[in-house]
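See below for the structure under consideration.
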Amino acid sequence: MNNGSRKKKLPIGIENFEKIRREDFYYVDKTAMIRDLLYKWGEVNLFTRPRRFGKSLNMSMLKSFFEIGCDKSLFETLEIAKEKDLCQKYMGNFPVISISLKSINANNYVSARAMICAAIGSEAMRFQFILESDLLTDKEKNLYHQLTTIDQTNQEVFTMSDSVLTGSLKTLSNLLEKFYNRKTIILIDEYDVPLAKAYENGYYKPMAMLIRNIFEQAFKTNDSLYFAVLTGCLRVAKESIFTGLNNLKTFSVTTVRFDEYFGFTDEEVKEMLEYYGLDNRYIEIKNWYNGYHFGNAEVYCPWDVISYCDELMDDPSMEPKDYWSNTSNNDVIRHFIKKLDNGLTKSELEALLAGETVVREIYEDLTYNQLYDTIDHLWSVLLTTGYLTQRGRMDRNKYYLSIPNMEIRSIFTEQIMALFKEETNTGGKTMKIVVLDGFTLNPGDISWEGLEALGEVTVYERTRPEDIIARIGDAQAVYTNKTPLTRDVFDACANLRFVGVLATGYNVVDIKAAKEKKIAVTNIPTYGTAAVAQFAIALLLELCHHIGEHSASVLRGEWSRSQDWCYWNYPLVELAGKTMGIIGFGRIGQETGRIAQALGMKVLAYDEVKYPDRESETCHYTDLDTLLCESDVISLHCPLFPATQGMINRKTIARMKTGVLLINCSRGPLVVEEDLSEALNSGKVAGAALDVVSTEPIREDNPLLAAKNVIITPHIAWAPKESRIRLMQIAVDNLRCFIEGRPQNVVNL
């Protein structure tokens, strides 16, 4: 930690490199970007990053380094200063044209065009001194005047004809080369803001044409150009803006080169926190503001880190909050959520909000008028604008996508809240709440008082289908576990506004009908991870040692009658050194694998979504066929989808080792029970321990009831008291948040 009493100021919203360096602001050194730009040459370089990731500051840094007459002392002690030859050759040796288009925000084309004229004209005004030189001819000086002519009618600041405007950057660079005898560097910050605003306000076509013509002359047919750098949020399709630019290099959020220069790395954040004595807030800051993956680099949003540290300096008790969304609107998320009925599945949104990933193809060459055409395009926009991040590539253009951190998760939740805020007010009356089948959750050992604090509660232990409508009556909220709620129920119960499913699965509710009736349906996405993993291992240990059976034999007197000091009625199995194959490596699968590794087992994991950081010396991802062939124990923890239904069948069992053990604490229909029964009876499968079956309660004719070496428990892995208390708390919170207008865990957006 720096022990000096006076710390450097934090640069809140300051994007001027020179100001930061001159006025003693804290600066995270990104000057190595200059070195890489020069060594990894590109004549026209486009960097696309989300807003608030330091694009403008980096552009200011480039200008300060390259521009003739620059203050070289600004770069002393910084990384680029180590490159003596580069500094000698390039620092302060080029005319630089630097334009920012981030303020081009107008509701019509005429006003937006005038703003672009002002941005270019104001930059041209910086070079008025060239008029005093004899190096330029009168005609060339006249060309300069055309760029800086002030409108005498006060309708516009600078008047430029279309031909002058489209050639303005090329003209200015030509004049600067003539004056300095040096080719020109052009920097354009936030090049796509005028396009975004044009699309929002209905004049995209003429604006796209204008930007394309300016860029074509500046970057394609400009002999005075040394190199150019552009920044923006989106990479707009070449056919639209960058027509014919064969010299363009694009560095997007998926590109490895330059990946660490936009955003703060983990080491940079640790160094900043140590400097300000905020080391103890590292984990919070990491959870809230880290998690973006640009290329191979994991980075934090600089705006958030700096803003939060600034507030912590005055209030050490300050909790993390959302800074990022306040800098712009979040229309893209609204578009995304509204696509739930048109290509976006609710399970994908659930997975994102739960911290998991989805696999989607990314299209980086889009035009603004295509952005919201399909959900496929929206995934791309969410990635490039920072609402999602990539966690690796599956193949070519398919990426694993996730919500980067808690801040962005809160933004998603806020938008979900906005969609459901209506219809939550009960008009000041006491809310009526009905629980249709509360016995399995609470047979009497936990309390309903949390729910009772929210309204008038009626709890039924079980409800027959014919009694459902009568029992709900005029209630506004109803809870169900396995009692079905159909369209007929919603038609009959006009006051109903909330359905709480007391489980993770919600197939007992007609989701479509509920949405049409503006009834929010919530579930309990995670509550029993530890309990189910523990139970899976308990089943495995029972298969290995048959503890219950051996204890029963002792109580029957077999040990008393034994001629030996010990005996065993079943083969005993040691797990150390054996391999467990886990199908479905989500939260429960990972916890099961962690316990298995503690027992000395190796773990093979199969899942459609892979998290490489969860691998270790004793835990590896593999394909399904390898898992089936090499595992001594197979434990099922995947969801029930059409693709997974019946996945354990005669064919897959045939690929397993003879003597394999099978555990299922997930869903009964994952297993073809007739095929498993045959495998148990033949000895192909040495033992199976199942907490779930295809039909529950189990039917008397289920073939597994007569199979050898099978353990079946009545779907109780989820049911320890601690787990049920968590479930109850989440169920109560779901209703409380709904009443307060901020719904959570809603499954029918």
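Predicted model only: the values in this text are computed from it and were never measured. Reckoned from all heavy atoms, side chains included, excluding hydrogens, waters and symmetry mates.
- Using a 4.5 Å heavy-atom cutoff, the side chains of Leu273 and Ile285 are in contact.
- In this structure a side-chain-to-backbone donor-acceptor pair under 3.5 Å is missing from Asp304 to Tyr289.
- Among Phe294, Phe258, Phe262, the one residue that satisfies the ring-ring contact (aromatic ring centres under 6.0 Å, His included) test with Phe251 is Phe258.
- For Lys89 and Glu83, the salt-bridge test fails: no basic side-chain N is under 4.0 Å from an acidic carboxylate O.
- When all heavy atoms of Met160 and Ser168 are compared, the closest pair comes out as SD-CB, 4.4 Å.
- Of the charged side-chain nitrogens involved, none lies within less than 4.0 Å of a carboxylate oxygen, so that Asp71 and Arg21 do not count as a salt-bridged pair.
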Walk me through it: do Phe65 and Phe75 pass the test ring-ring contact (aromatic ring centres under 6.0 Å, His included)? CA-CA 8 Å; Phe65 181 85; Phe75 294 89; 5.3 Å; yes

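- In terms of heavy atoms, Ala218 sits closest to Leu169 at CB-CB, 3.8 Å.
- Within the 4.5 Å cutoff, side-chain heavy atoms of Tyr27 are placed close to those of Leu57.
- Figure legend: cation-pi geometry between Arg281 and Trp288 absent, as NZ or CZ is not positioned both under 6.0 Å from the six-membered ring centre and within 45° of its axis.
- Note that CG of Leu378 is 10.0 Å distant from CG of Leu388, once rounded to the nearest 0.5 Å.
- The shortest heavy-atom contact between Val193 and Lys102 is CG1-O, 3.5 Å.
- At a threshold of 4.5 Å between non-hydrogen side-chain atoms, the residues Val358 and Leu352 count as touching.
- Considering Glu407, Glu311, Glu284 in turn, Glu311 is the only one that fulfils the salt bridge (charged side-chain N to carboxylate O under 4.0 Å, His left out) rule with Lys321.
- Applying the salt bridge (charged side-chain N to carboxylate O under 4.0 Å, His left out) test to pairs two or more places apart or on separate chains, those with a residue in residues 163-188 are Glu140-Lys178, Glu177-Lys183.
- More than 12 heavy atoms of other residues, nucleotides or ligands lie within 6.0 Å of CG in Asn280, so this atom counts as buried by the packing criterion.
- Put simply, the side chain of Asn58 gets close to the backbone of Tyr261: a donor and an acceptor are under 3.5 Å apart.
- By the 4.5 Å heavy-atom criterion applied to side chains, Leu165 and Leu210 are counted as neighbours.
- At a threshold of 4.0 Å, the pair Glu268-Lys30 counts as salt-bridged, since one of the basic side-chain nitrogens sits closer than that to a carboxylate oxygen.
- Taking 4.5 Å as the limit, some side-chain heavy atom of Leu136 sits within range of a side-chain heavy atom of Ile130.
- For Lys141, the NZ atom is densely surrounded, since the number of other residues' heavy atoms within 6.0 Å is greater than 12.
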Between Tyr387 and Trp379, does the ring-ring contact (aromatic ring centres under 6.0 Å, His included) criterion hold? Intermediate values first, please. CA-CA 9 Å; Tyr387 292 103; Trp379 289 105; over 10 Å; no

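- In this structure, Asp279 does not pair ionically with Lys270, as no charged nitrogen and carboxylate oxygen lie closer than 4.0 Å.
- Residues Phe227 and Ile185 meet the side-chain proximity criterion, which asks for heavy atoms closer than 4.5 Å.
- Asp138 CG: 12 or fewer foreign heavy atoms inside a 6.0 Å radius.
- The only member of Tyr180, Trp41, Phe219 that meets ring-ring contact (aromatic ring centres under 6.0 Å, His included) when paired with Tyr226 is Trp41.
- Minimum heavy-atom separation, Thr250 to Thr255: O-OG1, 4.0 Å.
- Side chain of Asp29 to backbone of Leu78: no donor-acceptor contact under 3.5 angstrom is found.
- The minimum heavy-atom distance between Cys301 and Arg52, with the atom names listed, is SG-O, 3.4 Å.
- Judged by distance alone, the side chain of Asn16 and the main-chain N or O of Lys19 form a donor-acceptor pair under 3.5 Å.
- Put simply, the side chain of Lys55 gets close to the backbone of Arg49: a donor and an acceptor are under 3.5 Å apart.
- Partners of Glu260 by salt bridge (charged side-chain N to carboxylate O under 4.0 Å, His left out), not counting sequence neighbours: none found.
- The six-membered or imidazole ring of Phe53 lies near that of Tyr292, with a centre-to-centre distance under 6.0 Å.
- The minimum heavy-atom distance between Ala106 and Ser111, with the atom names listed, is CB-CB, 3.6 Å.
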Intermediate values then yes/no, ring-ring contact (aromatic ring centres under 6.0 Å, His included), Phe179 and Phe127: CA-CA 10 Å; Phe179 180 81; Phe127 304 103; 9.1 Å; no

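- Side-chain contact between Thr149 and Phe158: absent, with no pair of heavy atoms (C-beta onward) separated by less than 4.5 Å.
- Atom-to-atom distance recorded for Lys197:NZ and Ser103:OG is 10.0 Å, nearest 0.5 angstrom.
- The side-chain heavy atoms of Val305 and Cys309, taken from C-beta on, include a pair separated by under 4.5 Å.
- Partners of Arg257 by salt bridge (charged side-chain N to carboxylate O under 4.0 Å, His left out), not counting sequence neighbours: none found.
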Would Arg126 and Glu67 count as a salt bridge (Lys or Arg N to Asp or Glu O under 4.0 Å) here? Give the steps. CA-CA 12 Å; Arg126 289 201 306 123; Glu67 188 163 48; 2.9 Å; yes

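- The main-chain N or O of Val44 is never found under 3.5 Å from a side-chain atom of Lys249 such that the two would form a donor-acceptor pair.
- With rounding to the nearest 0.5 angstrom, the CD atom of Gln217 is 9.0 Å from the OG atom of Ser163.
- Looking at Lys9 and Asp24, no side-chain N of the basic residue comes within less than 4.0 Å of a carboxylate O on the acidic one, giving no salt bridge.
- Side chain of Thr231 to main chain of Glu190: a donor-acceptor pair is present (N/O by atom type, distance under 3.5 Å, no hydrogens or angles).
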